[in-house]
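Notes follow once the structure below has been shown.
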Amino acid sequence: MSGMSKIVKTISSITFPFVFIYGLYVIAHGHLTPGGGFQGGAIVASGCAMILVAYGSVWTMGKIKEKNLSILESLGGFCFILLAFLGLGFGTGFFNNLFVGNEFLFGETPKFNSVAANFNTAGVIPLMNFAVGLKVIAGLFAIVLVMAYASSIREDEK
Amino acid sequence: MSMRNAVAAIFFAIVCVFFVFSALMIHSFGVPDATDMDDRIIGGFDMENNTYYGAQNETGANNVVTSVVFDYRGFDTLGEATILFTAVAGVVLVFRRLKK
């Protein structure tokens, strides 16, 4: 199976970077705007699923293996749990917000009742958003890719 | 009684002790009031200590929902991530390529 027609391939490859950037924006601004790791990861994974539908699962499997996606997903989960244990080791407890209040990474505190978006706030929350976003992108795309590839193999055998 | 059973009994006793302590320390029903919770979340200025309090000041996040999901209720997010990991592992296991 070599995917759909040339029109669909062209349009989806034009649209894909915008979907990707929008999903990354939702992940990165999780502590300022509605959204976060799960929602932005679902957006990016649906963009990847659009590429998968347009170009076919065999072509996509040639570009990226599901083994690498599993490694990325495990890396995201490991970073998430590592940040939680950093709070246990250097802070006051499990999931303690370690970096808030200091002048280190994401360490500033917004003024009371301010709605102005300062990206460099919220301590460990943006890092956890990145970890969960990586996990959701790789996990959902691995599910869709593996299922599509298995069904395409069955069609070939018939 | 084997070694494994003894270890299991010891851990079970420890967990039971923690459960009893948490049952004794639990809030009674309806405490704190909903208005108190609003005050904790929205925050304000503490005259005695001359500091601000509230969720925005504690976590530094303007989006309080995210501060709940990733800070106050981080265990919930950890469970969701575990569910996603289990789903991916199950799907990859079921749809793996069999050797011919």
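Below, chain A is the first sequence line, B the second, and so on; all start at residue 1.
For chain B, the nearby parts of A:Val136 are the backbone and the side chain; heavy atoms of each come within less than 4.5 Å. The part of A:Ile81 that comes within reach of chain B is its side chain, from C-beta onward, which places non-hydrogen atoms under 4.5 angstrom from that chain. Heavy atoms of B:Tyr72 lying under 4.5 Å from chain A are absent altogether.
Taking 4.5 Å as the limit, some side-chain heavy atom of A:Phe80 sits within range of a side-chain heavy atom of B:Thr77. With contacts defined as side-chain heavy-atom distances shorter than 4.5 Å, the pair A:Ile125/B:Asn63 does not qualify. By the 4.5 Å heavy-atom criterion applied to side chains, A:His31 and B:Phe70 are not counted as neighbours.
Under a hydrophobic clustering in which Ile, Leu, Val, Met, Phe, Trp and Tyr are joined whenever their side-chain heavy atoms come within less than 4.5 Å, directly or via other members, A:Leu72 and B:Val92 fall into different clusters. Connection of A:Leu83 to A:Phe78 is not established within any shared hydrophobic cluster, with ILVMFWY side chains joined at heavy-atom distances below 4.5 Å, either directly or through further cluster members. A single hydrophobic cluster is seen to contain both A:Phe38 and A:Leu32, as judged by linkage of ILVMFWY side chains at heavy-atom distances under 4.5 Å, directly or through other members. Two different hydrophobic clusters hold A:Ile143 and A:Ile71 under the rule that ILVMFWY side chains link at heavy-atom gaps under 4.5 Å. Following chains of ILVMFWY side-chain contacts shorter than 4.5 Å, one can reach A:Val132 starting from A:Leu86, so the two form part of one hydrophobic cluster.
Around CG of B:Leu93, the count of heavy atoms belonging to other residues, nucleotides or ligands within 6.0 Å exceeds 12.
Here the shortest heavy-atom pairing between B:Phe85 and A:Glu73 reads CA-OE2, 3.5 Å. Contact between A:Ala150 and B:Phe95 at its shortest, heavy atoms only, is CB-CD2, 3.4 Å. Considering all non-hydrogen atoms of both residues, B:Val88 and A:Ala142 come closest at CG1-CB, 4.4 Å.
Your options are A:Val124, A:Thr33, A:Leu145, and the one with the most heavy-atom pairs under 4.5 Å with chain B is A:Thr33.
To the nearest 0.5 Å, atom CG of residue B:Leu84 and atom CG of residue A:Leu140 are 5.5 Å apart. Taking OG1 of B:Thr66 as the start and NE2 of A:His29 as the end, the distance is 12.5 Å to the nearest 0.5 Å.
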